[in-house]
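For reference, positions follow the sequence shown, starting with 1.
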Amino acid sequence: GEDYIPSMEVDANAFATLATVDANLIDSMIGEMPMMSTHVDTFFAIKAKEGKGADVEKALKAYREFMITTQITYPMNEAKVQASKVVREGDYVFFVMLGAFDERSEVTEAQALEFAKEQNDIGVQAIKSFFK
């Protein structure tokens, strides 16, 4: 809905460089990121080549770990980065870092993380609903 911020398409070549996922593992993909660097909202949906879902999942988990531990982000985005998830359904693998911006000014880190997790889970549940 209105809280979906990614607006710049990421093609397979840029994705392979960004997330260090071997392009030979990918059958098809859709990726979107924000155009403005002040936002981190990102969505990747990958259809891995047959039997390669676990390999793509491993690479996306490494990308997520890089985002959490190494990538420098604005303090306002730290909770959203930590709340990101990699979701796998067979050979379909998703990286989900989405949700509304927490506009509260007086929150603890734990409260900010809980809000980000709840927001991100909206996208995760939408994905899972396609595989029921």
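- The line from CD of Glu114 to CG of Asp102 is 11.0 Å long, rounded to the nearest 0.5 Å.
- Nearest heavy-atom pair across Ala112 and Val107 is CB-CG2, 4.2 Å.
- Separation of atoms CZ (Arg104) and CD (Gln111) is listed at 6.0 Å; rounding is to 0.5 Å.
- By the side chain to side chain donor-acceptor pair (under 3.5 Å) test, Gln119 is found to be paired with no residue, residues two or more places apart in sequence or in another chain being considered.
- In this structure, Thr69 OG1 and Gln82 CD are separated by 10.5 Å, a value rounded to the nearest 0.5 Å.
- Counted within 6.0 Å of CD on Glu109, heavy atoms from surrounding residues, nucleotides or ligands total 12 or fewer; the atom is thus considered open.
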Lys128 vs Val87, side-chain contact (heavy atoms from CB on, under 4.5 Å): CA-CA, chis, key distance, verdict: CA-CA 9 Å; Lys128 289 184 175 187; Val87 178; 4.2 Å; yes
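- For Tyr4, the side chain to side chain donor-acceptor pair (under 3.5 Å) partners two or more places apart in sequence, or in a different chain, are Glu32.
- A salt bridge links Lys61 with Glu57: at least one charged nitrogen is closer than 4.0 Å to a carboxylate oxygen.
- Heavy-atom contacts from other residues, nucleotides or ligands closer than 6.0 Å to CD of Glu118 number more than 12.
- Ile46 has its side chain out of reach of Ser28: every pair of non-hydrogen atoms, C-beta onward, lies at least 4.5 Å apart.
- Ring pair Phe15/Phe44: centre-to-centre distance below 6.0 Å.
- Between Val96 and Ile127, the closest side-chain pair of non-hydrogen atoms falls below 4.5 Å.
- Counted within 6.0 Å of CD on Gln125, heavy atoms from surrounding residues, nucleotides or ligands total more than 12; the atom is thus considered enclosed.
- Using a 4.0 Å cut-off between charged nitrogen and carboxylate oxygen, Asp91 and Lys52 do not count as a salt-bridge pair.
- Contact annotation: the side chain of Val93 approaches that of Val86 to within less than 4.5 Å [non-hydrogen atoms, C-beta and beyond].
- Proximity of Val56 to Phe94: side-chain heavy atoms (C-beta onward) are nowhere separated by under 4.5 Å.
- Between Pro34 and Ile5, the shortest heavy-atom contact is CB-CG2, 4.3 Å.
- Within the model, atoms CE of Met97 and CG of Asn77 stand 8.5 Å from one another, a figure rounded to the nearest 0.5 Å.
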Is there a ring pair (Phe, Tyr, Trp, His ring centres under 6.0 Å) between Phe130 and Tyr92 once you walk through the steps? CA-CA 11 Å; Phe130 287 98; Tyr92 291 89; over 10 Å; no
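- Here the OG-OH distance, from Ser84 to Tyr63, works out to 9.0 Å after rounding to the nearest 0.5 Å.
- No side-chain donor-acceptor contact under 3.5 Å links Asp55 to the backbone of Leu25.
- Here the closest non-hydrogen pair linking Phe101 and Phe115 is C-CE2, 3.9 Å.
- Contact between Met76 and Thr38 at its shortest, heavy atoms only, is CE-O, 3.2 Å.
- For the atom pair CD of Glu89 and NZ of Lys132, the computed distance is 10.0 Å after rounding to the nearest 0.5 Å.
- In this structure, the side chains of Ile26 and Val21 come closer than 4.5 Å at one or more pairs of heavy atoms.
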Using side-chain contact (heavy atoms from CB on, under 4.5 Å), reason through Lys80 and Asn120 one step at a time and then give a plain yes or no. CA-CA 8 Å; Lys80 189 174 280 192; Asn120 199 55; 5.9 Å; no
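- Looking at residues two or more places apart in sequence or on another chain, you find no side chain to side chain donor-acceptor pair (under 3.5 Å) involving Asp11.
- In this structure, Met8 is not a member of the same hydrophobic cluster as Phe43, with clusters built from ILVMFWY side-chain heavy atoms closer than 4.5 Å.
- Checked by atom type and distance alone, the side chain of Thr42 pairs as donor or acceptor with a backbone atom of Val40 at under 3.5 Å.
- Salt bridge status for Lys47 with Asp27: present, with a side-chain N to carboxylate O gap under 4.0 Å.
- By the neighbour-count criterion of 12 heavy atoms within 6.0 Å, atom CD1 of Ile30 is sparsely surrounded, having that number or fewer from other residues, nucleotides or ligands.
- Contact of the Lys85 side chain with the Asp121 side chain is registered, since non-hydrogen atoms from C-beta on lie closer than 4.5 Å.
- The shortest non-hydrogen separation linking Leu98 to Pro6 is CD2-CG, 3.7 Å.
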Between Met33 and Leu18, is the side-chain contact (heavy atoms from CB on, under 4.5 Å) condition met? List the steps. CA-CA 11 Å; Met33 299 178 73; Leu18 176 71; 3.4 Å; yes
